[in-house]
Every structure is written in structure tokens, then in C-alpha cells.
Amino acid sequence: MKEFVTAVVVVLGSVLVLAIGVGLAVWVLLSVGAFDAPAEPANSSDTGAPVADGIPSRPAGAFPLTVRYVFDGDTIEAQVQQPNDIVTTAEPVRIRLIGIDTPEGTPTPECWADEARSHLRELLPEGATVWAAPDTETSDRYGRYLFNLWSDDGRFINHELVAAGDAEAIRVGSNDAFYDLLTDAQTQAQASGAGRWAACG
């Protein structure tokens, strides 16, 4: 009988030690946050979430095209990499950047027209991938597609041109999702004398 009692005590002691060990392990894990929900991933260029200074990153619904030619500071020709509901043809199409206007290059180049075109060619060289997203209206009366554009490395091209003083912000129809952002960029460019605002009076 004595041996049975001793065995029971040993077993109960072992269970107690094991319970204490498990409890300590759980406490340690809780204290370091092991059971916390995983952190949300940082915003990538595909999320559409705003980044520094309120400049939007590339929307999740943007689609890629290949740049074929830069006509001037606000118009390019590009070829969609995979036809979709918006651009249904695999042929090159003409694209007018939404919400901006740069000096005309033809028939007689206006002040800063060449510089604006050169900057857009630097941002979107021929053969580069550009990401497009429409606003409300997808085309104009000239048959051009109306898009906001992002470079492959995530820069919002429409904003880049206004901030550099190459373009002015405009509102045409209902395509005004980024109008306030672009007018703010123009105000800053004018205040600092960037691009055309100092060169063209």
C-alpha cells in the first residue's frame, strides 16, 4: 500500500511539474506576441493606397502597356500587353494623360514643349512598360484613350510632369479624381519657378 501511495504522489508531482512548465511556456509566448494576428504587409505599388505626400500608388486594376512613341508632353502611343475590356485591340493606341496639359509642339513649338516631351520620354522611354488606369471617361472625341499613367517603378506620371513644371493641371469633364492633387503640385511648381513657370514667363 505504501508503494502505491508513493507511486501516486510521484505521478501527481510529475503532472504538476508538467502543468507548470506548459503554463510558463504559454506565458512566454503571450508576452512576445506569438499569438498576435500577423502584421499587414506594407503597401505595394499594386494596392492603390496613397503613399508619401498623398501621391497615389499604382491601382490594383491598372493594366500594362508597352510604350511605342511619345508625341508630346501629354500624349503617347502604346500597345496593350493583353487586350481587356477597356483596350480591346492589340494594335498600338494613342493615349492622352488625364488632368494635365503641356505646351503644344506643333505646328510651331510653344515655350517648353520640347522640354516637356523630353521629360516624358525619360519617364516612359520607347519599349518601357507603363501602367494605365482610367477615370470616369475612357476616351475623348479624337478617339484617344484617357488614362492616368504609372511607370513600371511606381511613379505617377501625370503628377511627375506637373510637379516638374512641364504641365499645368486641367479639369476636363468628369475625369477629376486627382484634380486637387495636380493643382496643388502646380501651385508648388509655380512658387518654386520649376520648368515652364520660370522659363516661359
Fellow cluster residues of Leu146, listed by chain then number, with links counted only when side-chain atoms sit under 4.5 Å apart: Ile98
Starting at [atom1] of [X], measure out to [atom2] of [Y] and round the result to the nearest 0.5 Å.
| X | Y | atom1 | atom2 | value |
| --- | --- | --- | --- | --- |
| Ile95 | Thr75 | CD1 | OG1 | 10.0 Å |
| Thr102 | Glu168 | OG1 | CD | 9.0 Å |
| Asp114 | Arg121 | CG | CZ | 11.0 Å |
| Phe156 | Ser57 | CZ | OG | 10.5 Å |
| Tyr145 | Asp140 | OH | CG | 11.5 Å |
| Glu160 | Glu122 | CD | CD | 11.0 Å |

task: Would you mind listing every ring pair (Phe, Tyr, Trp, His ring centres under 6.0 Å) that reaches into residues 66-88, with sequence neighbours excluded?
output: Tyr69-Phe71
message: Can you list everything that forms a side chain to side chain donor-acceptor pair (under 3.5 Å) with Asp166? Sequence neighbours excluded, please.
response: Trp112, His119
- request: Tell me, please, which residues at least two apart from Ser139 pass side chain to side chain donor-acceptor pair (under 3.5 Å).
  value: none
- prompt: Hey, what's the ring geometry for Trp150 with Phe178, parallel, tilted or perpendicular (30° and 60° as the breaks)?
  reply: perpendicular
Within [range] or reaching into it, pairs that qualify as disulfide bond (SG atoms under 2.5 Å apart) - sequence neighbours excluded:
| range | result |
| --- | --- |
| residues 148-188 | none |
| residues 71-102 | none |
| residues 150-187 | none |
| residues 56-169 | Cys111-Cys200 |

message: Could you work out, with side-chain contact (heavy atoms from CB on, under 4.5 Å) as the rule, every residue matching Pro125, not counting sequence neighbours?
response: Ala128
message: Can you list everything that forms a side-chain contact (heavy atoms from CB on, under 4.5 Å) with Ser192? Sequence neighbours excluded, please.
response: Ala194
field: Donor on one side chain, acceptor on other, Thr129 and Gln81, under 3.5 Å
entry: yes
Minimum heavy-atom separation for [X] to [Y], with atom names?
| X | Y | answer |
| --- | --- | --- |
| Arg196 | Pro103 | NH1-CD, 3.8 Å |
| Leu161 | Gly73 | CD1-O, 3.3 Å |
| Ala163 | Ala189 | O-CB, 3.8 Å |
| Glu91 | Thr89 | N-OG1, 3.0 Å |

task: If a pair satisfies salt bridge (charged side-chain N to carboxylate O under 4.0 Å, His left out) and one of its residues is in residues 72-86, list it, with sequence neighbours excluded.
output: Asp74-Arg96
Between [X] (side chain only) and [Y] (backbone N and O only), is there a donor and an acceptor less than 3.5 Å apart?
| X | Y | value |
| --- | --- | --- |
| Arg94 | Ile76 | no |
| Gln79 | Arg68 | no |
| Asp152 | Val130 | no |
| Thr88 | Asn84 | no |
| Thr106 | Thr108 | no |

- request: Using the six-membered ring of Trp131, assess whether NZ or CZ of Arg58 lies under 6.0 Å from its centre and within 45 degrees of the ring axis.
  value: yes
Heavy-atom check, side chain of [X] versus side chain of [Y], under 4.5 Å:
| X | Y | answer |
| --- | --- | --- |
| Asp135 | Ser174 | no |
| Leu149 | Asn158 | yes |
| Leu97 | Phe147 | no |
| Arg117 | Val70 | yes |

Path from Ile86 to Val67 over hydrophobic side-chain contacts below 4.5 Å: yes
Identify all side-chain donor-acceptor contacts of residues 180-187 below 3.5 Å with residues at least two apart in sequence or on another chain.
{"unit_1": "Thr183", "atom_1": "OG1", "unit_2": "Tyr179", "atom_2": "O", "d": "3.1"}
{"unit_1": "Thr183", "atom_1": "OG1", "unit_2": "Asp180", "atom_2": "O", "d": "2.9"}
{"unit_1": "Gln186", "atom_1": "OE1", "unit_2": "Ala169", "atom_2": "N", "d": "2.7"}
{"unit_1": "Thr187", "atom_1": "OG1", "unit_2": "Thr183", "atom_2": "O", "d": "3.0"}

